[in-house]
Amino acid sequence: AAGVIQSPRHLIKEKRETATLKCYPIPRHDTVYWYQQGPGQDPQFLISFYEKMQSDKGSIPDRFSAQQFSDYHSELNMSSLELGDSALYFCATGGRITDTQYFGPGTRLTVL
Amino acid sequence: GIQVEQSPPDLILQEGANSTLRCNFSDSVNNLQWFHQNPWGQLINLFYIPSGTKQNGRLSATTVATERYSLLYISSSQTTDSGVYFCAVGTNAGKSTFGDGTTLTVKP
């Protein structure tokens with residue numbers, strides 16, 4: 001069965017650079033959630049989209065922005081990267097057809 | 001927002017032992033999932049269980065929604081069961097709130 005796809009899987013950036021993380025949902029899933037998991041922490045909700053509109057917002061820094069496109073994939077844009085942004089970033093998808101959230105494999109971002 | 005508490009925070013077992021992990025949550029939910037995070041960081045979905053009982057091999061889970069808790073049972077533990085187990089809850093197909101996790105170490 002198709003799963004959630006995230007790219008890239010690993011990313012290394014320097015401080016103050018920008019990064020773009022991509023998420024491709026399972027077919028027919030119309031909702032995307034982004035989570036950030038710092039070292040030794042549990043995943044924290046950042047932002048979500050339903051039918052290409054922002055549906056909820058969590059502890060997402062102003063330096064980050066995200067959007068969902070017409071094909072339902074989503075991108076998380078991160079600017080002015082800081083050392084503390086080093087984390088695992090998960091995308092999860094779901095929607096009206098399921099209450100379960102399906103998590104992608106994550107993108108491991110390292111900021112040097 | 002919803003508070004999620006997991007216990008114990010750490011658990012060390014000998015291979016072959018059984019264990020019970022607990023997740024308490026502070027409000028009514030319609031989405032509860034148990035995950036195993038492997039050493040590579042991947043979140044492996046174990047159960048979607050907002051209520052009732054489910055079993056999958058050596059693992060089973062029970063959620064008592066009216067009392068706002070869920071239990072994950074691991075029987076005949078193996079070294080490959082080691083890792084962090086997360087409980088995540090949500091409402092109305094919204095965001096998930098994770099507990100702090102239980103770190104399980106199974107020794108050979």
Side-chain angles (χ1 to χ4, degrees), chain A residues 1 3-6 8-11 23 25-26 28-51 53-60 66 86-110, chain B residues 1-10 21 23-26 28-52 54 56 61 63 65 70 72 83-105:
Chain A
V4 178
I5 297 171
Q6 289 189 247
R9 295 292 307 279
H10 302 272
L11 190 57
C23 171
I26 292 171
R28 297 195 297 143
H29 283 194
D30 51 21
T31 306
V32 172
Y33 309 84
W34 286 97
Y35 296 84
Q36 176 192 57
Q37 185 180 22
Q41 305 295 313
D42 58 286
Q44 295 289 316
F45 171 71
L46 292 177
I47 195 167
S48 63
F49 292 87
Y50 168 65
E51 284 288 349
M53 299 289 289
Q54 180 180 309
S55 55
D56 198 358
K57 193 172 182 181
S59 50
I60 183 170
S86 296
L88 259 174
Y89 290 84
F90 289 103
C91 163
T93 75
R96 287 167 293 174
I97 63 171
T98 175
D99 285 329
T100 305
Q101 290 191 14
Y102 293 82
F103 279 74
T107 294
R108 188 176 295 277
L109 173 66
T110 302
Chain B
I2 292 177
Q3 304 298 312
V4 183
E5 293 183 356
Q6 290 186 242
S7 60
D10 299 281
L21 282 58
C23 172
N24 293 332
F25 43 96
S26 62
S28 300
V29 299
N30 57 15
N31 178 5
L32 189 148
Q33 293 178 251
W34 282 98
F35 295 92
H36 175 214
Q37 188 161 41
N38 65 23
W40 298 271
Q42 290 186 319
L43 284 170
I44 309 300
N45 181 61
L46 299 176
F47 294 103
Y48 166 72
I49 186 166
S51 64
K54 290 186 178 179
N56 184 5
T63 297
S70 183
L72 177 68
V84 183
Y85 289 80
F86 286 108
C87 165
V89 303
T91 59
N92 298 322
K95 64 186 179 187
S96 287
T97 299
F98 284 74
D100 289 340
T102 292
T103 300
L104 175 64
T105 302

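Per chain, numbering begins at 1; letters A, B, ... match sequence-line order. What you are looking at is a predicted structure, and each value in this text was computed from that prediction instead of being measured.
- Here the closest heavy-atom approach between residue B:K95 and residue A:Y33 is recorded as N-CE2, 3.7 Å.
- Contact of A:Q41 with chain B is made through the backbone alone, with heavy-atom distances under 4.5 Å.
- With a 6.0 Å radius and a threshold of 12 heavy atoms from other residues, nucleotides or ligands, A:Q54 has its CD atom above the threshold.
- Ring pair B:F98/A:F103: centre-to-centre distance below 6.0 Å.
- Of the listed residues (B:A88, B:G101, B:G41), the one with the most heavy-atom contacts under 4.5 Å to chain A is B:G41.
- A donor-acceptor pair under 3.5 Å links the side-chain atoms of B:Q33 to the main chain of A:Q101, judged by distance alone.
- In terms of heavy atoms, B:L43 sits closest to A:P43 at CD1-CG, 4.3 Å.
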